[in-house]
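Shown next, in structure tokens, is the structure this report addresses.
Every chain is numbered from 1, with letters handed out A, B, ... down the list of sequences. Any value given below was found using the heavy atoms of this structure, including those in side chains, with hydrogens, waters and symmetry copies removed.
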2 protein chains.
Amino acid sequence: MSRYRQRMSFRHPERDAIRVDAVLSALGNPVRLAAVRSLDKDGDRNCGNLLAEIGVSAKSTMTHHWRVLRDAGVIWQHQHGREYQLSVRREDLDARYPGLLDAILAGAARDEAA
Amino acid sequence: MSRYRQRMSFRHPERDAIRVDAVLSALGNPVRLAAVRSLDKDGDRNCGNLLAEIGVSAKSTMTHHWRVLRDAGVIWQHQHGREYQLSVRREDLDARYPGLLDAILAGAARDEAA
DNA sequence: TCGATAGTACTAATACTTGCGTACGATCGA
DNA sequence: TCGATCGTACGCAAGTATTAGTACTATCGA
């Protein structure tokens, strides 16, 4: 009997269960904001791709951040073979909070330029 | 010699020093989001007014939240007699992150309605 | 001048966050 | 079938956030 729980597919909140304070809290962390910017700019990715790009050294650290973003309803994370496909939940976020994600991403781009 | 530092006027970040991740992190807390919604809806207030409205029991708790919002560049807080006038830094936020504050406030209103 | 009021400063307890090392399960490819 | 790979699960350590009690300063008004 293993000490480790068997991995199963993740729980993602329904669109209607997304809350703006959770979204803001999730994106209010520089590592997660950078991750979502990358996902939005360059399309879907697996976890390892982004790890190097964001400059985080430990896989387990990003596993934590993916969970926060997933639980807040910001990203989808689905298993695909032995990789996990990541994508921004743009349809859901834009439907529920029109203009929010674009304003945030534009703001992050502006901060970076300055 | 008192153990307590004398109060002086607060440091507010310059418009150019505001960072979107700090704004999101500040507004990613339900108490602070509610406070900013009240300020935006009903105009400038002092601290005590909002205390009751938001349902926070201790003044010192709100003192902490005002500091977080102030440091993030979300609110102005200026002494006026023995009260402190609070207001949303709408001009600065709208100039730096167009549409962000409106999207957030609309989102909070939507969440509340649901 | 003096009591009441507004709201901060400080302290502390508790809970949550972030980061990473290590153990592991599942899958791929040779 | 077996080693390499992907990325999670778990656990720990250090840091930060949240809340509130109490001490305090400054100001207002009678």
Side-chain angles (χ1 to χ4, degrees), chain A residues 1-12 21-22 24-35 39 44-72 75-87, chain B residues 1-12 21-35 39 44-72 74-87:
Chain A
M1 191 71 181
S2 169
R3 296 157 55 216
Y4 291 78
R5 208 180 296 163
Q6 190 172 341
R7 198 184 341 155
M8 47 200 85
S9 72
F10 295 125
R11 255 190 321 113
H12 295 83
D21 62 335
L24 299 181
S25 177
L27 294 177
N29 171 290
V31 173
R32 291 192 290 265
L33 185 54
L39 273 183
D44 302 355
R45 315 288 287 283
N46 64 20
C47 299
N49 283 347
L50 280 164
L51 191 72
E53 195 169 327
I54 292 164
V56 166
S57 56
K59 287 189 292 179
S60 52
T61 297
M62 283 316 293
T63 293
H64 158 71
H65 288 305
W66 302 136
R67 178 164 49 214
V68 174
L69 288 167
R70 211 169 56 224
D71 288 351
I75 60 168
W76 294 116
Q77 186 180 20
H78 290 297
Q79 193 164 5
H80 225 265
R82 81 188 131 170
E83 304 185 356
Y84 283 66
Q85 191 82 9
L86 296 161
S87 58
Chain B
M1 190 71 180
S2 168
R3 296 158 55 216
Y4 290 78
R5 209 180 296 165
Q6 190 171 342
R7 198 186 338 154
M8 47 198 86
S9 71
F10 295 124
R11 255 191 321 111
H12 295 83
D21 62 336
V23 172
L24 299 180
S25 177
L27 294 177
N29 171 291
V31 173
R32 290 192 290 265
L33 185 55
L39 273 183
D44 302 355
R45 314 289 287 283
N46 65 20
C47 300
N49 283 346
L50 281 163
L51 191 71
E53 195 169 327
I54 292 164
V56 166
S57 55
K59 286 190 293 178
S60 53
T61 297
M62 282 318 291
T63 293
H64 158 71
H65 288 305
W66 301 137
R67 179 164 48 215
V68 173
L69 288 167
R70 213 169 55 223
D71 288 352
V74 177
I75 60 167
W76 293 117
Q77 186 180 17
H78 290 297
Q79 195 164 4
H80 225 264
R82 80 188 132 171
E83 304 185 355
Y84 283 65
Q85 190 82 11
L86 296 162
S87 58

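Contact annotation: B:Arg32 side-chain N/O to D:dT18 OP1/OP2 distance is under 4.0 Å. Not one side-chain nitrogen or oxygen of B:Gln77 sits closer than 4.0 Å to the OP1 or OP2 atom of C:dG7. For D:dT18, the OP1/OP2 oxygens have no side-chain nitrogen or oxygen of B:Thr61 closer than 4.0 Å. Close to C:dT17, at under 4.0 Å from its OP1 or OP2, lies no side-chain N or O of A:Asn29. Residue A:His65 places none of its side-chain N or O atoms closer than 4.0 Å to OP1 or OP2 of C:dT17. For C:dC20, the OP1/OP2 oxygens have no side-chain nitrogen or oxygen of A:Ser60 closer than 4.0 Å. Contact check, B:Arg5 against C:dC10: a side-chain N or O comes under 4.0 Å of OP1 or OP2.
Classification of the A:His78-A:Trp76 ring pair by plane angle, with boundaries at 30° and 60°, yields parallel.
Summarising the geometry, the separation between CE on B:Met62 and P on D:dT18 is reported as 11 Å, rounded to the nearest angstrom. Atom NZ of A:Lys59 and atom C1' of C:dT22 are 11 Å apart (whole Å). Put simply, NE2 on B:His78 is 18 Å from C1' on D:dA26, counting in whole angstrom units. Atom C1' of nucleotide D:dA17 and atom CG of A:Leu24 are separated by 17 Å, given to the nearest angstrom. Between B:Glu83 atom CD and C:dA4 atom C1' there is a gap of 14 Å when expressed in whole angstrom units. Atoms CG (A:Leu51) and P (C:dT18) sit 17 Å apart, rounded to a whole Å. Between the C1' atom of C:dT27 and the CD atom of A:Gln85 lies a distance of 16 Å, rounded to the nearest Å. In this structure, CH2 of B:Trp66 is placed 18 Å from P of D:dA17, rounded to the nearest angstrom.
Contact of the A:Tyr84 side chain with the A:Phe10 side chain is registered, since non-hydrogen atoms from C-beta on lie closer than 4.5 Å. Between B:His65 and B:Asn29, some side-chain heavy-atom pair lies under the 4.5 Å cut-off.
Contact annotation for B:His64: base contact, defined as any heavy-atom pair under 4.0 Å involving a base atom. A:Tyr4 comes within contact range of at least one nucleobase, with a heavy-atom separation under 4.0 Å.
Between B:Ala26 and B:Ala72 the shortest heavy-atom distance is CB-CB, 3.8 Å.
Of all nucleotides listed (D:dC24, C:dA9, C:dG7), C:dA9 comes nearest to the side chain of B:Arg67. Side chain of B:Val31, nearest nucleotide from C:dT8, D:dT19, C:dA6: D:dT19. Nearest to the side chain of B:Ala58, among C:dT8, D:dA20, D:dC6, sits D:dA20.
For B:Leu86 and B:Arg82, each mapped to the nucleotide of DNA chain C holding its nearest heavy atom, the one lying further toward the 5' end belongs to B:Arg82.
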Exercise for review: Before giving the answer on side-chain contact (heavy atoms from CB on, under 4.5 Å), spell out for B:Arg32 and B:Val68 the whole-Å C-alpha distance, their side-chain angles and the decisive distance to 0.1 Å.
Suggested key: CA-CA 9 Å; B:Arg32 290 192 290 265; B:Val68 173; 3.7 Å; yes
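The backbone N or O of A:Leu24 sits nowhere less than 3.5 Å from a side-chain atom of A:Asp21 that would complete a donor-acceptor pair.
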